[in-house]
Undergrad: 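Following this message is one structure expressed as structure tokens.
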Amino acid sequence: MKQYQMLIGGHWTDPAAGEWIDSIEPFSGEVIARIPRGSAADAGAAVDAAHAAFHDPAWSELTATARGALLRKLAALIERDAARLADIERSCNGKNITEVAGQARNVAQWFYYYAGLADKIEGAVVPINKPGVFNYVRYEPLGVVAAITPWNSPLALTAWKMAPALACGNTMVIKPSEYTSPPLLELGALALEAGIPPGVVNVITGYGSEIGAALIENRKVAKIAFTGGDFGGREVAVAAARHFKKVTLELGGKSANIVFDDADFDQAVNGAIAGIFGAAGQTCMAGSRLLVQRGIHDRFVARLVEIASQARIGDPALPDTQVGPIATKAQHEKVLRYIDIAKDEGATCILGGRPLSGPGYGQGQFISPTIFTGVTNAMRIAREEVFGPVLAVIPFDEVDEALAIANDSDFGLAAAVWTQDLHRALYCVDRLEAGTVWVNNYRSTSFTTPFGGYKNSGIGREGGTEAVKEYLQPKSVWITTRPNKANPWVLG
Ligand code: NAD
């Protein structure tokens with residue numbers, strides 16, 4: 001069993017308080033690693049190191065091209081170690097090895113993309129409406145970025161922040177979820193191996209409630225990039241606002257997956273299954289509200305039940321497992337609570353709705369794929385994020401009714417539309433209040449396009465060229481181009 005240290009200023013460091021947290025494998029229930037239980041003192045040291053690195057010529061005087069070259073080296077190392085990183089991630093969050101292996105390879109692509117972008121971020125020459133001046137705008141890094149990430153996709157969601165932040169010349173303190181810190185401590189080691197100067201990437205571990213405030217309130221931190229639940233997100237946003245910190249918030253969702261009666265039936269069924277049972281529903285973009293046009297509702301639901309009831313549930317390390325365990329005990333209890341709430345509110349549980357244990361399930365906290373019909377959009381199962389394999393099916397008749405239901409949500413992370421009618425698809429795309437809309441597909445993401453939420457699903461965007469705007473600030477520069485003896489008492 002590995003006992004990790006934190007990465008602070010390029011050094012592997014024990015926690016100041018000498019305390020550790022067990023990392024538990026969701027499937028076996030075994031302690032697979034120990035991570036430092038960082039304190040406010042450790043957070044302060046990491047911020048000091050990142051702040052010093054930001055001003056150190058070893059980083060601040062690198063050209064953007066040189067920064068890109070370092071990121072490319074890091075990408076190559078991630079590619080080299082993708083299988084190892086994926087296995088560590090799987091052992092921490094219990095996600096299927098096939099899913100995390102694909103994600104780990106994709107993490108390298110994020111670094112390649114932003115490595116290429118680093119020296120293509122240009123300023124502007126501005127045609128000022130005054131004679132005798134030359135004005136240009138340059139884009140500068142913010143400084144120290146604190147990245148706080150959740151347990152469901154630790155490597156990917158950190159890369160979404162780290163790659164653009166470093167490409168733009170910032171330095172970082174990464175605070176992973178207490179449940180999934182090992183993959184990010186390993187990523188920190190790869191950053192050092194790639195030759196990224198010490199202190200540019202720091203990784204501290206521990207509980208958000210214990211070190212979050214110390215990070216957010218530290219005056220040397222310029223920005224918080226947070227991915228997590230709306231509860232933690234609100235706390236972070238409030239704390240950041242007190243100190244006028246810039247924030248990016250990537251929060252939860254209750255995404256509507258809308259199936260019209262003319263949709264390619266089998267494709268739409270697959271999309272609905274992938275939307276909610278992929279990663280056992282532990283994904284921010286889960287299609288947890290399935291809106292089905294009434295004419296095909298019963299046939300569609302019957303097919304969903306048929307497929308979901310045959311899902312191979314079990315050890316996520318096995319390549320043919322389709323549904324793995326719930327990552328944590330607390331999350332398992334939360335999902336079961338929501339199942340009870342849905343039943344109490346009058347929804348009909350037509351599949352699953354119970355924990356699974358016994359042979360083949362190890363010591364894991366499993367929940368069988370669960371489908372509720374007879375759901376109304378007023379029920380909590382349709383309004384609140386469950387973050388588990390629980391689908392709420394809502395029937396509708398007309399397109400505008402579907403849109404009204406879809407948009408009647410505090411969240412706005414993603415939505416999907418299944419139809420063969422292009423006009424209807426685009427009508428929906430225009431009206432859906434969501435940061436991502438899929439037409440005839442679900443759960444697609446890429447480093448080349450922005451991802452983020454409307455409404456309570458967040459603030460800001462990750463991915464694509466949009467993301468660099470989140471890690472830069474413009475500076476307007478005025479240069480007098482001819483002698484100027486203007487009246488000093490009059491504003492020029
Ligand atoms: P969480 O909010 O409990 O924790 C996220 C991170 O925040 C952890 O590192 C945690 O230690 C830290 N944290 C918690 N409270 C804090 C505080 N007061 N101050 C500072 N840090 C604090 O989320 P989770 O349970 O780890 O992850 C699941 C959630 O993440 C779901 O709601 C999911 O929708 C969301 N998520 C969103 C996206 C997206 O891109 N929109 C992607 C993945 C997950």
Side-chain angles (χ1 to χ4, degrees), residues 21 35 37-38 40 43 92-95 99 103 146-161 173-181 183-184 203-218 221 224-243 245 247-255 278-288 326-335 338 384-388 410-414 434-436 443 445 449-463 467 470:
I21 301 170
I35 58 150
R37 180 172 176 172
C92 294
N93 67 4
K95 275 203 187 172
E99 169 142 345
Q103 271 189 342
I148 301 177
T149 54
W151 47 262
N152 67 322
S153 295
L155 281 168
L157 296 169
T158 302
W160 292 16
K161 297 159 183 54
V173 177
I174 297 168
K175 207 303 276 175
S177 166
E178 50 275 26
Y179 297 111
T180 52
S181 296
L184 296 180
V203 187
I204 55 164
T205 58
Y207 297 109
S209 54
E210 294 180 355
I211 52 179
L215 269 185
I216 298 162
E217 293 178 13
N218 191 312
V221 171
I224 319 295
F226 175 90
T227 299
D230 51 345
F231 179 80
R234 188 171 280 111
E235 289 199 354
V236 167
V238 168
R242 272 201 296 273
H243 300 271
K245 295 281 160 73
V247 290
T248 305
L249 299 174
E250 296 288 354
L251 308 177
K254 196 76 212 179
S255 300
Q282 300 166 103
T283 155
C284 56
M285 62 187 89
S288 50
I326 303 297
T328 70
K329 250 189 179 50
Q331 185 60 26
H332 188 249
E333 283 163 14
K334 180 180 158 191
V335 176
Y338 270 109
E384 298 172 22
E385 186 183 50
V386 176
F387 221 61
D410 290 338
F411 294 108
L413 191 62
T436 293
R443 281 187 90 206
T445 57
T449 190
F451 183 81
Y454 281 28
K455 301 191 268 188
N456 291 9
S457 289
I459 296 173
R461 292 292 181 271
E462 297 189 314
E470 308 280 347

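Heavy-atom basis, side chains included; hydrogens, waters and symmetry copies ignored. Order of listing sets the numbers, starting from 1, for every ligand and every atom in it.
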Undergrad: Which of the listed options, G233, A240, G229, A414, holds the heavy atom that is closest to atom 23 (O) of ligand 1?
TA: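 Looking at heavy atoms only, G229 sits closest to atom 23 (O) of ligand 1.
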Undergrad: Taking N or O atoms only and a 3.5 Å limit, does W151 qualify as a polar contact for ligand 1?
TA: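 Indeed, backbone or side chain, W151 has an N or O that close.
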Undergrad: Quick one: does any side-chain atom of Q331 pair with a main-chain N or O of F387 as donor and acceptor, under 3.5 Å?
TA: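 A pair under 3.5 Å: yes.
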Undergrad: I'd like to know if the side chain of K245 and the backbone of I224 have a donor-acceptor N/O pair within less than 3.5 Å.
TA: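 No, K245 side chain to I224 backbone: no donor-acceptor pair under 3.5 Å.
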Undergrad: Can you pull out the closest protein heavy atom to atom 35 (C) of ligand 1? Residue, atom name and distance to 0.1 Å, please.
TA: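 That would be G228 O, 3.2 Å.
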Undergrad: Which of the numbered atoms in ligand 1 are below 4.0 angstrom from a heavy atom of E178?
TA: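 Result: 10 (C), 11 (O).
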Undergrad: Under the rule for side chain to side chain contact (heavy atoms under 4.5 Å, CB included), what residues qualify as partners of S457, not counting sequence neighbours?
TA: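 In terms of side chain to side chain contact (heavy atoms under 4.5 Å, CB included), with neighbours along the sequence ignored, S457 is linked to F411, L413.
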Undergrad: Kindly indicate whether the side chain of T205, heavy atoms from C-beta on, has any atom under 4.5 Å from the side chain of I21.
TA: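 Result no, sub-4.5 Å side-chain heavy-atom pair not found.
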Undergrad: Need the ligand 1 atom indices (1-based, order shown) with element for anything under 4.0 Å from a heavy-atom of K175.
TA: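 Answer for ligand 1: 8 (C), 9 (O), 10 (C), 11 (O).
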Undergrad: Quick check against the 3.5 Å criterion: does R242 have a side-chain atom that pairs as donor or acceptor with the backbone of A237?
TA: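 No, the answer is negative, given that no donor and acceptor are paired below the 3.5 Å cut-off.
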Undergrad: Do the side chain of K254 and the main chain of E385 share a donor and acceptor less than 3.5 angstrom apart?
TA: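 No.
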Undergrad: At less than 4.0 angstrom from any non-hydrogen atom of F226, what atoms of ligand 1 do you find?
TA: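 Checking each atom against F226, I get 2 (O), 6 (C), 7 (O).
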Undergrad: Less than 4.5 Å apart, any side-chain heavy atom of P183 and any of C92?
TA: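 Yes. Closest side-chain heavy atoms under 4.5 Å.
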Undergrad: Would S153 count as a contact residue for ligand 1, given that I'm defining contact as a non-hydrogen atom of the residue lying under 4.0 Å from a ligand atom?
TA: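 False for this residue.
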Undergrad: Please verify whether a non-hydrogen atom of Y179 lies at under 4.0 Å from ligand 1.
TA: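 No, Y179 has no heavy atoms under 4.0 Å from ligand 1.
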Undergrad: Give the residue, atom name and distance (to 0.1 Å) of the protein heavy atom nearest atom 31 (C) of ligand 1.
TA: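 Scanning the protein heavy atoms, the shortest distance from atom 31 (C) of ligand 1 goes to E385 OE1, 3.3 Å.
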Undergrad: Can you list the atoms of ligand 1 that are under 4.0 Å from a heavy atom of I148?
TA: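 Going through ligand 1 atom by atom, the ones under 4.0 Å from I148 are 6 (C), 7 (O), 9 (O), 12 (C), 20 (C), 21 (N).
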Undergrad: To the nearest 0.1 Å, how far is atom 41 (N) of ligand 1 from its closest protein heavy atom, and which atom is that?
TA: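 Ranked first by proximity to atom 41 (N) of ligand 1 is L251 O, 2.7 Å.
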Undergrad: Report yes if C284 has an N/O atom closer than 3.5 Å to an N/O atom of ligand 1; otherwise report no.
TA: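 Such a contact does not occur with ligand 1.
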Undergrad: Determine, counting only non-hydrogen atoms of the protein, whether one lies under 4.0 angstrom from atom 4 (O) of ligand 1.
TA: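 Under the 4.0 Å cut-off, atom 4 (O) of ligand 1 has no protein heavy-atom neighbours at all.
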Undergrad: Are K161 and E250 within salt-bridge range, i.e. N to O under 4.0 Å?
TA: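 Salt bridge flag = no for E250 with K161.
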Undergrad: Taking all non-hydrogen atoms of both residues, which atom of S181 and which atom of E178 are closest, and how far apart?
TA: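 Closest heavy-atom pair between S181 and E178: OG-CA, 4.1 Å.
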Undergrad: For P150, take its heavy atoms, then give the atoms of ligand 1 lying under 4.0 Å from any of them.
TA: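 By the 4.0 Å cutoff, the relevant atoms are 5 (C), 24 (P), 26 (O), 27 (O), 30 (O), 44 (C).
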Undergrad: Is the shortest side-chain heavy-atom distance between V221 and V173 below 4.5 Å?
TA: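 A side-chain contact is absent here, since even the closest heavy-atom pair is not under 4.5 Å.
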Undergrad: Do any nitrogen or oxygen atoms of E235 lie less than 3.5 angstrom from nitrogen or oxygen atoms of ligand 1?
TA: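 Checking ligand 1 against E235, an N or O pair does fall under 3.5 Å apart.
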Undergrad: Do me a favour and list the nearest non-hydrogen protein atom to atom 33 (C) of ligand 1 with residue, atom name and distance?
TA: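 Result: F387 CE1, 3.2 Å.
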Undergrad: Of all the heavy-atom pairs spanning S153 and N93, show the shortest one and how long it is.
TA: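 Where S153 meets N93 most closely, the heavy atoms are N-ND2, 4.4 Å.
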Undergrad: Between the side chain of Q282 and the main-chain N/O of A327, is any donor-acceptor distance below 3.5 Å?
TA: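 Yes, because the side chain of Q282 sits within donor-acceptor range (under 3.5 Å) of the backbone of A327.
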Undergrad: Are any of the N/O atoms in S209 less than 3.5 Å from those in ligand 1?
TA: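 No, there is no polar N/O contact under 3.5 Å.
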Undergrad: Tell me which pairs pass salt bridge (charged side-chain N to carboxylate O under 4.0 Å, His left out) where either residue lies in residues 224-234, with sequence neighbours left out.
TA: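 For residues 224-234, and leaving out neighbouring residues, there are no salt bridge (charged side-chain N to carboxylate O under 4.0 Å, His left out) pairs at all.
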Undergrad: For a quick test of reading the model, state the closest non-hydrogen atom pair linking L184 to P176 and the distance between them.
TA: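 Minimum heavy-atom separation between L184 and P176: CD1-CB, 3.3 Å.
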Undergrad: Output the list of atoms in ligand 1 that are nearer than 4.0 Å to some heavy atom of S177, sorted by atom number.
TA: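 Heavy-atom distances to S177 below 4.0 Å select 8 (C), 9 (O).
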Undergrad: Give the atoms of ligand 1, by number and element, whose distance to some non-hydrogen atom of G212 is under 4.0 Å.
TA: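 Answer, ordered by atom number: 19 (N), 20 (C).
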Undergrad: Tell me the protein heavy atom at minimum distance from atom 8 (C) of ligand 1, and give that distance in Å.
TA: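 Here the nearest protein heavy atom works out to T149 O, 3.4 Å.
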Undergrad: To check your reading of the model: name the closest protein heavy atom to atom 14 (C) of ligand 1, its residue, and the distance in Å.
TA: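 Here the closest protein heavy atom is G208 CA, 4.2 Å.
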Undergrad: Hey, which atoms in ligand 1 end up nearer than 4.0 Å to a heavy atom of N152?
TA: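 The atoms of ligand 1 under 4.0 Å from a heavy atom of N152 are 43 (C), 44 (C).
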Undergrad: Does ligand 1 have a heavy atom under 4.0 Å from the side chain of L413, from its backbone, from both, or from neither?
TA: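 Within the 4.0 Å criterion, L413 contacts ligand 1 through side-chain atoms alone.
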